[in-house]
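First the structure, in the form of structure tokens, and then the observations on it.
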Amino acid sequence: MQQRLGRVAVACAILALAGIVFAQQKNPATKPAPDGEWLRGIASGKTRVVDLTYAINDKMPAWPGDEHPFVATINATPEKDGYFTRKFCMLEHYGTHMDAPNHFPPGKLSLDQIPPDHFVGPAVVIDVHAEVAKDPDYRLTPERIRRWETEHGHIPGGAIIVLRTGWASRWPDEARYRNQDASGTMHFPGYSLEAAKLLLERKVSGLGIDTLSVDYGASKDFEVHRLMLPAGLYHVENLADLSALPEAGAFLIAAPIKLEGGSGGACRVIAILPQSASM
Ligand SMILES: [Zn+2]
């Protein structure tokens, strides 16, 4: 029963979020409505909800040079205080996190200022694990995006792009996840600038990836960051295992901590899978 109540609660939350999306939408044609079938599916327990977030601890692979990315200390104990609380200190860009536009000036919006309707949208999952297996420096190309569109239709405005590289299989082994060479340069896949430009034209809300950065590991100038964040988009990096997601048809909720002035922060990412992909 509790489980059932939990599902109903999740469904209510989703419906409320969907309500926000529709209420704030100026042009409904640009963002497809989540179809009612899977909303009902959540309430009836037939739709799968998948967590794409790593649990936060001090052992996660961090950006090279980032020290003490997470520290938690006991604040109150049941023995002394009758209840349990901790306090924690962590980097804004650590674990599954969102980059806010102000992370790369002239981007302006801080994490708390991103419009909440941008946090929900259809998931466009582009699978490049085969390409990455051959080349860890792989960067998503416009051609690969167009192939997705040939198979699944035009990428809708308000979509959240999820680049599935297969890199999550290396988590939480920091050395393998960073994949640095002798000179310290990292080698992991990302988006190319040309692909980012095309996705900007498609008016997507954000870019996601299962690596440390949307720019590939060897990047020195972070050109995708420099294009997308000043344009008002966000990134979600270090997404967890994406293997459960269909290439099209899932719905994403990427809800970051509402950190005033933040350049980024921990983000809970949840995918709602259509019934066809879940059963
Ligand atoms: Zn980033």
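Order of appearance sets the numbers: ligands from 1, and atoms from 1 within every ligand. If you read the sequence from its start, that first residue is 1, and numbering goes on from there.
At a threshold of 2.8 Å, the Zn ion (ligand 1) has no backbone or side-chain N, O or S atom of His93 nearer than that distance. The Zn ion (ligand 1) has an N, O or S atom of Glu237 closer than 2.8 Å.
Atom OD2 is the N/O/S atom of Asp99 found closest to the Zn ion (ligand 1).
By the 6.0 Å and 45° rule, Arg139 stacks over the aromatic ring of Tyr216.
Relative ring orientation between His235 and His225 is described as perpendicular, the plane-to-plane angle rising above 60° on a 0-90° scale split at 30° and 60°.
Counting only distance, with no hydrogens or angles, the side chain of Arg164 and the backbone of Leu245 share a donor-acceptor pair below 3.5 Å.
Donor-acceptor pairing under 3.5 Å is lacking for the side chains of Asn179 and His187.
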